[in-house]
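Keep in mind that the numbers below use all heavy atoms, side chains included, and drop hydrogens, waters and symmetry copies.
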Amino acid sequence: MIELEGVPELIDPVMVAAFEGWNDAGDAASTAVAHLDREWKGEVFAALDAEDYYDFQVNRPTVFLDNGVRKITWPTTRLSVVRVGGDKPRDLVLVRGIEPSMRWRSFCNEILAFAHELGVEMVVILGALLGDTPHTRPVPVSGVTSDPDLARTMDLEETRYEGPTGIVGILQEACTHAGVPAVSLWAAVPHYVSQPPNPKATLALLNRLEDLIGLRIPLGELPEDARAWQVGVDQLAAEDSEVAEYVQTLEEARDTAELPEASGEAIAREFERYLRRREPGTGPGGPGVAMEGGDTPFLRDTGSGRTRPPKPEQPGPEAVPGTEEGEGVEAAEEPDAPEAPQAGGAPDTGEDTAPDPSTDTAADTDTDTDGGTDAESDK
């Protein structure tokens, strides 16, 4: 039985999750959830028992000093709740952690038990993968689901991927089998500049999430960070003629694929986002209301037959504009990222980082926000 003392009945809640590790190229996905937690001042209300899921020789605990007292932080997965204010308030359940080392089925059952107890209406899992995409173009973000009805109603791709998978793919399938609507959003990170951070990819994921759930997300300094990141990579690429030539090849392939059909939908999506940001009632009405109940112990109650608590009538999220077919995400069927020159001599982490996007190689190209910045994992 889950005890959630201090957590009130939630309003139209959506769970947003990301995990460090194999499904997190450039730390783009985990940074996106951390950004939401920071901007809306979320505080942890529950944490999974680290002993159950983590190999501490792989993910080591850290020691720190707190007013002269030594303390230990254990690698785990934590949950927080934030309430987004405005004319149409809504709650987000944020799940942020590290890909577990073991017992993945039990891990997913615990996450789903929290989702069930909190009345979560949909689970959105963020991921990032390495792909043949140029850093100078909008970051491709694909939205995929295993639910045919959800794919049709929200204009998402129905996943057809077969091959090795990570915790993002496992959790999405667990949600589908449990009858919980689940969507995965994947950003493609250039494999030749895969080292974190990648604020452009983080920004792309947040923009796509904003479109999906119909909330205005405060971006803070992310647009400026994304611009600075691209300028820095431009400078590094310009110093190496081979890298510059390779980037130009990727640009030509991307532009050829997108020119015939992507531009109209991209413009429409940007215009909708622009209008949403101008509407006074769509932003957070103030700091997010965080609920804190300490590290709540979890006890499974899989046979209780517990039903979801009633929730006030709320309008559903806005329909997602049509996705754009683009190229540049080829890591889905190739466990190892392709070889390419390193910008500025940065090490290529592709050897163990190309994640399973749990989807086809089709990518949804997200356009840039605020000042023309495009936004786009190593596990």
Measuring from D91:CG to D12:CG, what's the distance to the nearest 0.5 Å? 8.5 Å
Quick one, P100 and D52 - any side-chain contact, counting heavy atoms below 4.5 Å? no
What closest approach, in Å, do N59 and S101 show between heavy atoms, and which atom pair accounts for it? ND2-OG, 3.7 Å
Closest non-hydrogen atoms of A174 and L112, given as atom of the first, atom of the second and distance, are O-CD1, 3.6 Å
With heavy-atom distances below 4.5 Å as the criterion, would you say the side chains of L79 and F114 are in contact? yes
Can R160 and E158 be counted as an ion pair, charged N to O under 4.0 angstrom? yes
Among E110, R103, E99, which residue satisfies the side chain to side chain donor-acceptor pair (under 3.5 Å) criterion with Y53? E110
Heavy-atom side-chain contact between L36 and L209 under 4.5 Å: yes
As an exercise, state the distance from CG of L94 to CG of D37, rounded to the nearest 0.5 Å. 5.5 Å
Before you tell me yes or no, could you show the steps for L92 and L215 under side chain to side chain contact (heavy atoms under 4.5 Å, CB included), namely the whole-Å CA-CA distance, both residues' side-chain angles and the distance that decides it to 0.1 Å? CA-CA 10 Å; L92 297 182; L215 286 178; 4.2 Å; yes
Residue pairs involving residues 197-237 (criterion ring pair (Phe, Tyr, Trp, His ring centres under 6.0 Å); sequence neighbours excluded): none
Could you tell me if the side chain of E221 sits less than 4.5 Å from the side chain of P199, heavy atoms only? no
Hey, does the side chain of H191 reach the backbone of L129 with a donor-acceptor pair shorter than 3.5 angstrom? no
For a side-chain hydrogen bond (donor to acceptor under 3.5 Å, both in side chains) check, start with the C-alpha distance between R254 and T133, then their side-chain angles and the critical distance, and finish with the verdict. CA-CA 8 Å; R254 176 77 173 274; T133 182; 3.1 Å; yes
Determine which pairs satisfy ring pair (Phe, Tyr, Trp, His ring centres under 6.0 Å) with at least one residue from residues 61-85, sequence neighbours left out, and list them in order. F56-W74
Run the side chain to side chain contact (heavy atoms under 4.5 Å, CB included) test against D234 and tell me which residues pass, sequence neighbours left out. H135, T136, Q230
Going by ring pair (Phe, Tyr, Trp, His ring centres under 6.0 Å), name the residues that satisfy it together with F19, two or more places apart in sequence or in a different chain. F107
CD1-CG distance between I217 and D211, expressed to the nearest 0.5 angstrom: 9.0 Å
Side-chain heavy atoms under 4.5 angstrom apart, residues restricted to Ile, Leu, Val, Met, Phe, Trp, Tyr: same cluster for V243 and V231? no
Using only atom types and a distance under 3.5 Å, with no angle test, would you say the side chain of T145 pairs donor to acceptor with the backbone of A182? yes
Tell me the closest heavy-atom pair linking V120 and V123, and the distance in Å. CG1-CG2, 4.1 Å
Quick one: OG on S146 to NE2 on H177, what's the gap to the nearest 0.5 Å? 7.5 Å
Test your reading of the model: is there a side-chain donor-acceptor pair from R90 to the backbone of I213, 3.5 Å cut-off? yes
Which value, rounded to the nearest 0.5 Å, describes the distance between T76 atom OG1 and D49 atom CG? 7.0 Å
For a quick test of reading the model, state the closest non-hydrogen atom pair linking P134 to P190 and the distance between them. C-CG, 4.3 Å
Evaluate the side-chain proximity of T159 to Q172: yes if any heavy-atom separation is below 4.5 Å, no if none is. yes
Please report the C-alpha distance between I111 and M15 in whole Å, then the side-chain angles of each, then the deciding distance to 0.1 Å, and finally whether the side chain to side chain contact (heavy atoms under 4.5 Å, CB included) criterion is met. CA-CA 10 Å; I111 298 296; M15 177 177 283; 3.8 Å; yes
Show, in sequence, the C-alpha distance, side-chain angles and deciding distance for N207 and L219, and conclude whether the side chain to side chain contact (heavy atoms under 4.5 Å, CB included) test is met. CA-CA 9 Å; N207 285 337; L219 299 177; 4.2 Å; yes
Heavy atoms of L185 and G143 approach each other most closely as CD2-CA, 3.7 Å
Contacts of type side chain to side chain donor-acceptor pair (under 3.5 Å), residue R60, not counting sequence neighbours: none
Keeping the roles fixed (side chain from N23, backbone from V168), state whether a donor-acceptor pair exists under 3.5 Å. yes
Do R96 and R78 come within less than 4.5 Å of each other through their side chains, counting heavy atoms only? no
Roughly how far apart are Y192 OH and L130 CG, rounded to 0.5 Å? 12.0 Å
Kindly indicate, with the supporting measurements, whether the criterion side chain to side chain contact (heavy atoms under 4.5 Å, CB included) is fulfilled by S30 and I98. CA-CA 9 Å; S30 58; I98 305 169; over 6 Å; no
Which pair of heavy atoms, one from V189 and one from S194, lies closest together, and at what distance? CG1-CA, 4.3 Å
Hey, are the side chains of L212 and V14 touching, using non-hydrogen atoms and a 4.5 Å cut-off? no
The complete set of salt bridge (Lys or Arg N to Asp or Glu O under 4.0 Å) pairs with one or both residues in residues 243-252, sequence neighbours excluded, reads R137-E251
Does any part of the side chain of I11, heavy atoms only, come nearer than 4.5 Å to the side chain of P89, both counted from C-beta? yes
